[in-house]
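Take a look at the structure set out below.
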Amino acid sequence: MEDFWSMYCGDSACSETLRKSFCYDFNFLKDPSTCIIQMMIICFDVLLLIMMSFIMIRKSSLRQFRSLFGVQTHSKLQLVSAILSGSVGLMHLCLGVWFLEKLRKTHIGFPLSWWLPELFQGFTWFLTGVTVSLQLNQLPKAMFWLFSFLIFFVSGILCALSMFYTISSRELSIKATLDVLSFPVSFLLLLSSYKISTYEDNTRENEECLYAPLSGQLNEVDPISHVTPFAKTGFFSKISFWWLSPLMKRGQKETLQDEDIPKLPESDRAESCYLSFVDQLSRQKKKGPLSHKSYLWAIILCHQRDILISGLFALLKVLTLSASPLLLNAFILVSEGNGSFKYEGYALAISFLFIKITESVSQRQWYFRSRLVGMKVRSQLTAAIYKKQLRLSNAARLTRSGGEIMNYVTVDAYRTGEFPFWFHQTWTIIVQLCIALIILFHAVGLATIASLVVIVLTVLCNTPLAKLQHKYLTKLLVAQDERLKASSEALLNMKVLKLYAWEIHFKNAIESLRKVELKWLSSVLLQKAYNIILFWCSPILVCAASFAACYFLEIPLHANNLFTFVATLRLVQDPISVIPDVIGVVIQAKLAFARIVNFLDAPELQSSNVRKRCFNEKLKGSFLIQSADFSWECNVLKPMLKNINLEARPGQKIAISGEVGSGKSTLLAAILGEVPNTKGNIAVYGKFAYVSQTAWIPTGTIRENILFGSALDVQRYKETLHRSSLMKDLELFPHGEFTEIGERGVNLSGGQKQRVQLARALYQNADIYLLDDPFSAVDAHTATNLFNEYILEGLAGKTVLLLMSDGKILQAGPYHQLLTSSQEFWDLVNAHKETAGSGQLADATSAERQSNSGREINQCFIGKQIKPLNGDQLIKQEEREIGDIGLKPYLQYLNQNRGYIYFFVASLSHLIFVICQILQNSWMAANVDNPQVSTLQLVVVYLLIGVSSMVFMFIRSLLAAALGLQSSKYLFSQLVNSLFHSPMSFYDSTPLGRILSRVSLDLSIADLDIPFVLTYTVGATLNCYADLTVLAVVTWQVLFVAIPMVYVVIRLQRYYFAAANEYMRMNGTTKSFLANHVAETVAGAMTIRAFEEEDRFFVKNLNLIDTNASPFFHSFASNEWLILRLETACAVVLASVALCTVMLPPGTLTSGFIGMALSYGLSLSSSLVYSIQSQCTLANQIISVERLNQYIHIPSEAPEVIEGNRPPANWPVAGKVEIEDLQIRYRPEGPFVLHGITCTFEGGHKIGIVGRTGSGKSTLIAALFRLVEPARGKIAVDDIDISSIGLHDLRSRFCIIPQDPTLFNGTVRYNLDPLSQHSDQEIWEVLGKCQLQEAVQDKGGLDSSVVEDGSNWSIGQRQLFCLGRALLRRSKILVLDEATDNATDLILQKTIRTEFGNCTVITVAHRLPTVMNCTMVLAISDGKLAEYDEPMNLMKNEKSLFGQLVKEYWSHFQFAESY
């Protein structure tokens, strides 16, 4: 063996030394030319050559098959890689041949280690490089990835070893030069592998598209011109972000609009991300039950390639960053006259430029690709959450409110999507610290142990802080959920709160929840401040500990090792300073992801078990229920419906009848598959059309609501409008069928909303129609037309009625049979006769049925058809700021309770901290080589200055936390005050999603992110200017380069902000669209499932996700575009500083000041990057404050209380209402809705308000409660003008029972008496009068739960709850918007006659019998007072509007009975 080593190494002593070093330590790594390293290179080369031979043999067998796919083409990158690889191989071969010729003259070819490794490397580089580069397309993907990665890895190691050896030995050899050159060539080879793998994926997709059927998919393909250039740009354009320049230029010239933003590449869109996620999740499911780790691995596997590539760029950045202190050390040695060759200073200056540019490019690609992964993660999670809520079971829905689901989409998905950006920071910081410790060991030897001890102590101290932060953040998220849940419910039902004068109470409840949230927020911010103090001060402590160790260990300090040490610490100071952010993001992402996974694991509906595929046309339209029990909670012991047996044959019509809460709506839900079947069987054959009891109208035009995703069939559409009695309504709308309907149909009357729903159902041409009390909100005339045209003609067939009571089918049979055989049914049919006045209706003559012919329908439709307009619609485009608005949002943020003081003192503290750091380094630079200053003095002064700076850092961090807490507190307070004092016109024209996106994500960003980003931005900017100042003072010549660079930086920033601000504003507005769509879908999930439109809504959601992601994508890409150019400018400044020091005469600057200047020059790039990056982040996040302020300054309605004009405590006494020339318009520029109404309601009278749908009945009630202020005229109650008193004084003195009853999440007691003004005994008495006592006792008493929107109570029961509220309030004026069914109406009328006998009762009537016993009847037609008189007087007048309505009602009633 010794002979072999002698032959290989050429020296037995060398071989002996080599063998010893190999056995005991790794000193051989110091010199890459040692024999053992050369032997390892030969082994590696042989392995690669063997693998290459095997692949070539395999490839030749596949060549015939491969040739079928056409001629192979090569990219420019492949050709460049092949040429450079071959060149490197040839150089190695030439070097090996030259060594061999040289040795043969003297040593006859020995030692082998001189020339044999070079020949092997030459052959390997030439054959492997060229073959892999040019024939990548013919190699398996895994194989060429393995080849390129192995070569890249080994070349990187050799490059690093050669660079370290060259710098330390100050000797530059040809061998070392080749090793260094091999690394960028291997990197190009790796990029070729990546590009080919991407090309293969795209080719595979294109081939699949060629074989895909061309079935109408062409319309769905986006034009190529609208896709971002990133999708098809070249390698160098991607590296330099040149593909973004045209869009940035356009943004600088003009304000960017939504249509200017290109679409995302296909692979980055939500659909691709979601399908990939589902595929990986299904694979995880095959391995076992899904857990949190399964979801995490599914996401990782979806993006593993992008994560790996960004990780490689991160590693390259760390390596290039760590090389800078070594170059600095070599440069100081050159300045001291210890250079290796004549022009080494110039070579090092150029090396600085190359290293910093490489570092910049790698970091920008790392950040960009990490952000891209985060965006895709957010998209796929948002899509998964939306898909899940479409399938969520009702039991799961009871525990998750709409506000919580909104929080998952807007906050949790955002926080989880932020994590990939920070993921590589978790390990790169560790790697960077380890490399830094190695460099420090090289500089100060064993004193590095002191540095290591301080770092370990820092980490140990952080452990309990991180646990506390996790705990506090968990509590904060729970508190945030509770506050958002309450906010969502209050904002959704703001009209009800205003009618009951409960705004103050609900606002106070939300503010009390906010106080709990602020308590945990203060803890989170303080923990973050402590983390910042700990990690920002750790470099100072490391320096002090290391220099003290140098003193005790008697390690000499000179300029070269001292400033190598200082430069290394300055370079890791910024990564160390972001450790608190990394910890915070990891904790936030972990908690947010856990909440999302818990939601995704929630139980789902099993409606597929109900609907059966129908292969027999005779079965289509039928359903069969056999001995079935149904329970909302899926509880076998507590069924909601028991022992249901029901069969419906195709063509039958079935009416379901029963008392309040008997289970009518539950039976329909069971047929739809919404209620779990706990016993028996149910089978449904055919397509559903469903009309819910509470109308669900999504935002959009009337036409869009009726078509509901179906194609337009003009003839069927016309017929649908006619049969749904919508023709006259379309004539009244400003834009006809293209009129935008506000959220929840706010600009439609109750009857219009129901008829739009009916039209939607009819147009679907379904097999089974489920209509839940569809005529409850329409007047008699409209009900007659609907019954004739819609039920009898549109849905022709037999009629079978079912009687429902207590959740069981008591009887089933034809109408007349049940009328004679069932007392319960007879009572139910005649319930309305017991309320009032049906006998008086018998005197009315029946009206003849009228119908329009098909020709008349066509004429009406064609004559009134209006083109779609985008003009004066109710729902306005969301406003956003345009252009650069300067410091306005920053001042708005700071102008909150002494915010300026906190900010100023925090900034001043950081400035003093920076000055202390400069003083530390200046002290060292001036005295490190001064013999008159001892090492002890040097270290003690340095330590004292460092301790002083730590005090100011402590102050700065605590003030940042205080600033965040105070600003958040007052921003929220102003926002809530503004929202609760906004007029109803604001809520009518503003989708809920816009408001919720502000009170959720925007507020979360203002709470957690902005305060520290703001102070850190100021700090990073001060650091950057400090670096420039030091450079200018030490080497003033650099100002010739620095001043133009500062100008370029400012110009680039302005260029950037012109476009970037618009990106983030668009991101905010498109986020509102997404949030609004989610909120609407949560509300209408049952209707969407009934029509089987889940896929269409999901596709719309995917499009909205992409619309939101595109400006976000271009926003973070523009960040990298800017920073890359700025870092390049910094690299030029650093190289200029180095050249200045080289060209200055020897002795002009001491080596200490040269080291200081270069150390600050090295950190200039990173400090500028962190400064600009934090400025960009802050500019993006301050948009949230901008958006919050938009809703802080909403014009307010009248004051709640006018102290100088408050009504008496017992007002109103008589209940007399005087209306004088009342004119109402909803908008200043809009038309009048009420035209000069004048009348008087005497105290104690019962007033009935009648009129056709849309006549203005609801507007009159809104004017009475001042939901809309009169344009002219006035309303006086007991001689007090209601406009002269406060809104709370007015509304709290009236009672109302609304048509759409609203219950709030909480208990029965809370819903009846939220202000806690009444005793339990009073509440039980009221429940008895409302006939709710038994139902409440069955559910657990006054503390029984009421879920969101009261969905665990029937509509009738909810209306009776509203009656209970009125009974508890006991006002002299009661407004009743008629109940939804006869049974509920009977209870209401009886109770009102008994309990409100001496009160003024104003009833908005849809059923004429309700008003027959009224004292007076007010008839309104087209907003004008048509008549006002006693009902019998009006009946006698043949031309009376009321008389006509009575005739129409009686005709409808008689016809229904006879039919």
Side-chain angles (χ1 to χ4, degrees), residues 486 489-490 493-513 515 976 980-981 1199-1203 1206-1213 1215 1264-1266 1277-1278 1280 1282 1285-1298 1301-1333 1335-1337 1339-1346 1350 1353 1357-1376 1388 1391-1392 1394-1401:
E489 190 172 47
N493 301 299
M494 186 57 70
K495 183 176 181 179
V496 175
L497 298 186
K498 289 182 181 295
L499 288 173
Y500 284 112
W502 286 348
E503 313 104 298
I504 298 175
H505 170 74
F506 273 77
K507 180 171 76 72
N508 292 338
I510 290 171
E511 286 178 339
S512 64
L513 290 172
K515 285 179 182 176
V976 169
F980 275 82
H981 289 98
E1200 294 174 347
V1201 174
I1202 300 175
E1203 290 298 340
R1206 300 200 67 175
N1210 61 345
W1211 180 85
V1213 178
L1264 182 62
F1265 282 85
R1266 288 180 64 190
V1277 176
D1278 285 358
I1280 294 180
I1282 63 172
I1285 61 175
L1287 290 178
H1288 182 77
D1289 286 339
L1290 169 70
R1291 294 166 182 168
S1292 62
R1293 307 299 177 87
F1294 294 170
C1295 290
I1296 186 168
I1297 302 175
T1302 301
L1303 297 186
F1304 299 94
N1305 190 49
T1307 63
V1308 170
R1309 179 189 291 105
Y1310 177 75
N1311 272 276
L1312 286 171
D1313 182 27
L1315 306 184
S1316 301
Q1317 295 174 333
H1318 303 277
S1319 65
D1320 286 4
Q1321 183 181 352
E1322 291 176 298
I1323 296 174
W1324 278 116
E1325 287 177 4
V1326 163
L1327 287 173
K1329 293 173 183 178
C1330 299
Q1331 299 187 19
L1332 280 172
Q1333 188 169 357
V1336 172
Q1337 286 173 339
K1339 292 203 175 189
L1342 295 180
D1343 291 323
S1344 57
S1345 68
V1346 177
W1353 299 82
Q1357 288 171 328
R1358 292 181 226 171
Q1359 197 113 31
L1360 294 177
F1361 269 105
C1362 295
L1363 173 61
R1365 292 169 183 165
L1367 289 172
L1368 285 172
R1369 183 170 282 192
R1370 290 287 179 184
S1371 173
K1372 291 294 292 184
I1373 295 179
L1374 171 65
V1375 177
L1376 169 63
L1388 282 172
T1391 308
I1392 289 169
T1394 306
E1395 302 294 330
F1396 294 91
N1398 62 343
C1399 300
T1400 303
V1401 180

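We count residues from 1, following the sequence as given.
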Point-to-point distance, once rounded to the nearest 0.5 Å, from [atom1] of [X] to [atom2] of [Y]:
X	Y	atom1	atom2	value
I1373	D1278	CD1	CG	6.5 Å
L1363	L1376	CG	CG	9.0 Å
R1358	L1332	CZ	CG	12.5 Å
S1345	N1305	OG	CG	8.5 Å
K1372	F1396	NZ	CZ	10.5 Å

Locate the shortest heavy-atom distance separating [X] from [Y]; write the atom from each residue and the value.
X	Y	result
C1295	A1366	SG-O, 3.7 Å
D1289	R1206	OD1-NH2, 2.8 Å
V1201	H1288	CG2-CB, 4.4 Å
L513	A486	CD1-CB, 3.6 Å
A490	I510	CB-CD1, 4.0 Å

For a quick test of your reading: what N or O donor-acceptor pairs under 3.5 Å do the side chains of residues 497-504 make, sequence neighbours left out?
residue : atom : partner : partner atom : Å
K498    : NZ   : F980    : O            : 3.3
K498    : NZ   : S982    : O            : 3.0
K498    : NZ   : E1197   : OE2          : 2.7
Y500    : OH   : I1296   : O            : 3.2
E503    : OE2  : R1291   : NH1          : 3.2

Without swapping roles, check the side chain of [X] against the backbone of [Y] for a donor-acceptor pair under 3.5 Å.
X	Y	result
Q1359	P1298	yes
R1293	P1212	no
R1266	I1282	yes

Less than 4.0 angstrom from a charged side-chain N to a carboxylate O is my criterion; do E511 and K515 meet it?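 Not counted as a salt bridge, because no side-chain N and carboxylate O are separated by less than 4.0 Å.
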
Would you please name every residue forming a side-chain contact (heavy atoms from CB on, under 4.5 Å) with N1210, sequence neighbours left out?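 Partners of N1210 under the side-chain contact (heavy atoms from CB on, under 4.5 Å) test: P1208, V1213.
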
Does the side chain of [Y] come within less than 4.5 Å of [X]'s, by heavy atoms?
X	Y	result
L1374	C1399	no
W1353	V1308	yes
I1297	R1365	no

Can you establish whether the number of heavy atoms outside [X] located under 6.0 Å from its atom [atom1] is more than 12?
X	atom1	answer
K1339	NZ	yes
Q1321	CD	no
K495	NZ	no

By the definition side-chain contact (heavy atoms from CB on, under 4.5 Å), identify the one residue from T1307, N1311, L1312 that meets it with R1309.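 Among T1307, N1311, L1312, the one that satisfies the side-chain contact (heavy atoms from CB on, under 4.5 Å) with R1309 is T1307.
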
Whether Y1310 and H505 hold their rings parallel, tilted or perpendicular, with breakpoints at 30° and 60°: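 Answer is tilted, since the angle falls between 30° and 60°.
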
Parallel, tilted or perpendicular: rings of F1294 and F1265 (30°, 60°):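 Ring orientation, 0 to 90° scale: perpendicular.
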
Quick one: do V496 and F1304 satisfy side chain to side chain contact (heavy atoms under 4.5 Å, CB included)? Show the steps, please. CA-CA 11 Å; V496 175; F1304 299 94; 4.3 Å; yes

Distance-only criterion, 3.5 Å: show the donor-acceptor pairs between side-chain atoms of residues 1322-1329 and protein atoms not counting sequence neighbours.
residue : atom : partner : partner atom : Å
E1322   : OE1  : S1319   : N            : 2.9
E1322   : OE1  : S1319   : OG           : 3.4
K1329   : NZ   : E1395   : OE1          : 3.4

